[in-house]
Amino acid sequence: MSTVQSTGAVAGYRPERTLRLSVELRRQFKRRRTIGVFALMVALPLVLIAALQLGASDDAQANNRLNLVDVATASGLNFTLFVLFATTSFFLVVVYALFFGDTVASEAQWGSLRYALATPVPRMRLLRQKWAAALVLSVSALLTVTVVALVAGGIAFGFADITTPIGISIDQGSGLLRLAGMVGYLAVHLLVVGTLAFWLSTVTDAPLAAVGGAVFTMFVFAILDQVEQLGSIRDYFPTAEEFAWTDLLQTPVDSGDLYRGVIQSLVYAVVFTALAFRHFARRDVTS
């Protein structure tokens, strides 16, 4: 009876059974950085509610600009939209960069990456499972802050219809559907910074360099996006259309920028992910 397969592996070895996603997720959920991020996701809406209630004076409400903060206390749905608007440019960017950028570089820094491959886990499967785990954690964090904001905001400000900054009301049923679309759009758009951090994570052994490099890159493009002299070039920046989800507040909805934002984000995500797999396939992780 042969104990070796035709591929050279021992009998009974199945690559697809190594490092299951559930195992990787359990490992990631036990880490203090994961617990800390989710704690912040729960705390942030509560802090914003306190800030809005404590700062609800006549002077604070005198605002010549028309934006989502003007109607943040109109309902729980309005408050949730305000939370998403306030976290899109920085907080959620950091969260995605952290979960994607820390996943490979941290294990390379600890030296545990070589032992995972010696289990043996196929190299590309290991990277694929880490990518999937980072995606699950990132989307879960986004959903957490949204659900907490919706529930806490509803308790604080009431479960009423959405009131847009220009005075148009959207009923709760339609509002929840539009909110789901907004969260879905953000989940896709933020893949740009996430996959960029993931690529950098396969290049360096320093998690801070991968996370910080991705966040810094996005900030640079956000600054360049304000330079009007660049013209139409700005439309191809990875930060382009980051607030296109607010178009879902229009009646009727203008979906042009939404579709463009989704397609462009997916293209960037595919390119950065392909670069990560290409580099990791050639990288010496056993030294």
Side-chain angles (χ1 to χ4, degrees), residues 15 18-41 89-142 144 187-222 238-239 265-266 268-287:
T18 58
L19 192 61
R20 294 180 178 177
L21 181 59
S22 58
V23 174
E24 179 65 18
L25 284 173
R26 281 198 298 270
R27 291 177 65 250
Q28 296 297 331
F29 269 114
K30 291 178 181 178
R31 295 185 58 185
R32 277 183 286 184
R33 66 106 157 103
T34 304
I35 297 172
V37 167
F38 278 89
L40 285 173
M41 287 297 176
S89 295
F90 176 73
F91 199 72
L92 292 175
V93 168
V94 173
V95 168
Y96 263 68
L98 178 62
F99 281 134
F100 276 91
D102 181 70
T103 182
V104 177
S106 60
E107 292 209 23
Q109 186 181 60
W110 300 333
S112 58
L113 195 60
R114 73 190 74 169
Y115 298 111
L117 292 174
T119 303
V121 181
R123 182 175 292 212
M124 293 299 97
R125 177 174 175 80
L126 180 143
L127 197 61
R128 186 171 68 249
Q129 297 298 72
K130 289 190 172 297
W131 192 98
L135 177 63
V136 171
L137 290 174
S138 299
V139 174
S140 297
L142 174 59
T144 298
V188 173
H189 174 74
L190 289 166
L191 276 177
V192 177
V193 65
T195 52
L196 173 59
F198 190 72
W199 173 32
L200 296 178
S201 186
T202 65
V203 175
T204 179
D205 292 348
L208 183 60
V211 177
V215 173
F216 178 76
T217 300
M218 299 302 287
F219 285 172
V220 168
F221 277 109
T239 52
S265 297
L266 289 176
Y268 272 112
V270 169
V271 171
F272 291 143
T273 300
L275 288 172
F277 275 83
R278 179 178 181 273
H279 183 84
F280 194 70
R282 302 179 179 185
R283 179 181 176 183
D284 180 13
V285 296
T286 60
S287 58

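This structure is a prediction, so every number in the text was calculated from the model and none was measured.
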Checking side-chain contact (heavy atoms from CB on, under 4.5 Å) against Trp131, which of Thr103, Thr195, Val136 comes through?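 The passing option is Thr195.
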Are more than 12 heavy atoms, taken from residues, nucleotides or ligands other than [X], located less than 6.0 Å from that residue's [atom1] atom?
| X | atom1 | result |
| --- | --- | --- |
| Phe216 | CZ | no |
| Leu208 | CG | no |
| Phe29 | CZ | yes |

Any side-chain heavy-atom pair of [X] and [Y] under 4.5 Å:
| X | Y | value |
| --- | --- | --- |
| Val23 | Gln129 | no |
| Phe219 | Thr239 | no |
| Leu196 | Tyr268 | no |

Pair Leu92, Met41 - check side chain to side chain contact (heavy atoms under 4.5 Å, CB included), show working. CA-CA 10 Å; Leu92 292 175; Met41 287 297 176; 3.9 Å; yes
Kindly indicate, with the supporting measurements, whether the criterion side chain to side chain contact (heavy atoms under 4.5 Å, CB included) is fulfilled by Ser265 and Leu191. CA-CA 7 Å; Ser265 297; Leu191 276 177; 5.9 Å; no
Apply side chain to side chain contact (heavy atoms under 4.5 Å, CB included) to residues Leu275 and Val271 and explain how you reach the verdict. CA-CA 6 Å; Leu275 288 172; Val271 171; 4.1 Å; yes
Identify the heavy atoms of [X] and [Y] that sit nearest to each other, and give their distance.
| X | Y | answer |
| --- | --- | --- |
| Phe272 | Val192 | CD1-O, 3.7 Å |
| Arg27 | Glu24 | NH1-OE1, 2.8 Å |
| Ala187 | Leu142 | N-CD2, 3.7 Å |
| Met124 | Phe277 | SD-CD2, 3.5 Å |
| Asp102 | Pro207 | OD1-CB, 3.3 Å |

Go through Arg31 and Ser106 one step at a time and tell me if the side chain to side chain contact (heavy atoms under 4.5 Å, CB included) criterion holds. CA-CA 12 Å; Arg31 295 185 58 185; Ser106 60; 3.5 Å; yes
[X] side, atom [atom1]; [Y] side, atom [atom2] - distance, nearest 0.5 Å:
| X | Y | atom1 | atom2 | answer |
| --- | --- | --- | --- | --- |
| Thr273 | Arg278 | OG1 | CZ | 14.5 Å |
| Leu137 | Tyr96 | CG | OH | 10.5 Å |
| Leu190 | Met218 | CG | CE | 8.0 Å |
| Ile35 | Leu40 | CD1 | CG | 12.0 Å |

Using side chain to side chain donor-acceptor pair (under 3.5 Å) as the criterion, list what pairs up with Ser138, not counting sequence neighbours.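 Counting only residues at least two positions away or on another chain, Ser138 forms no side chain to side chain donor-acceptor pair (under 3.5 Å).
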Residues that Ala97 engages under side-chain contact (heavy atoms from CB on, under 4.5 Å), provided they are two or more places apart: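 Partners of Ala97 by the side-chain contact (heavy atoms from CB on, under 4.5 Å) criterion, ordered by chain and then number, come out as Val193, Ala197, Val211, Ala214, Val215.
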Would you check if the side chain of Ser201 reaches a backbone N or O of Ala210 as a donor-acceptor pair within less than 3.5 Å?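 Absent.
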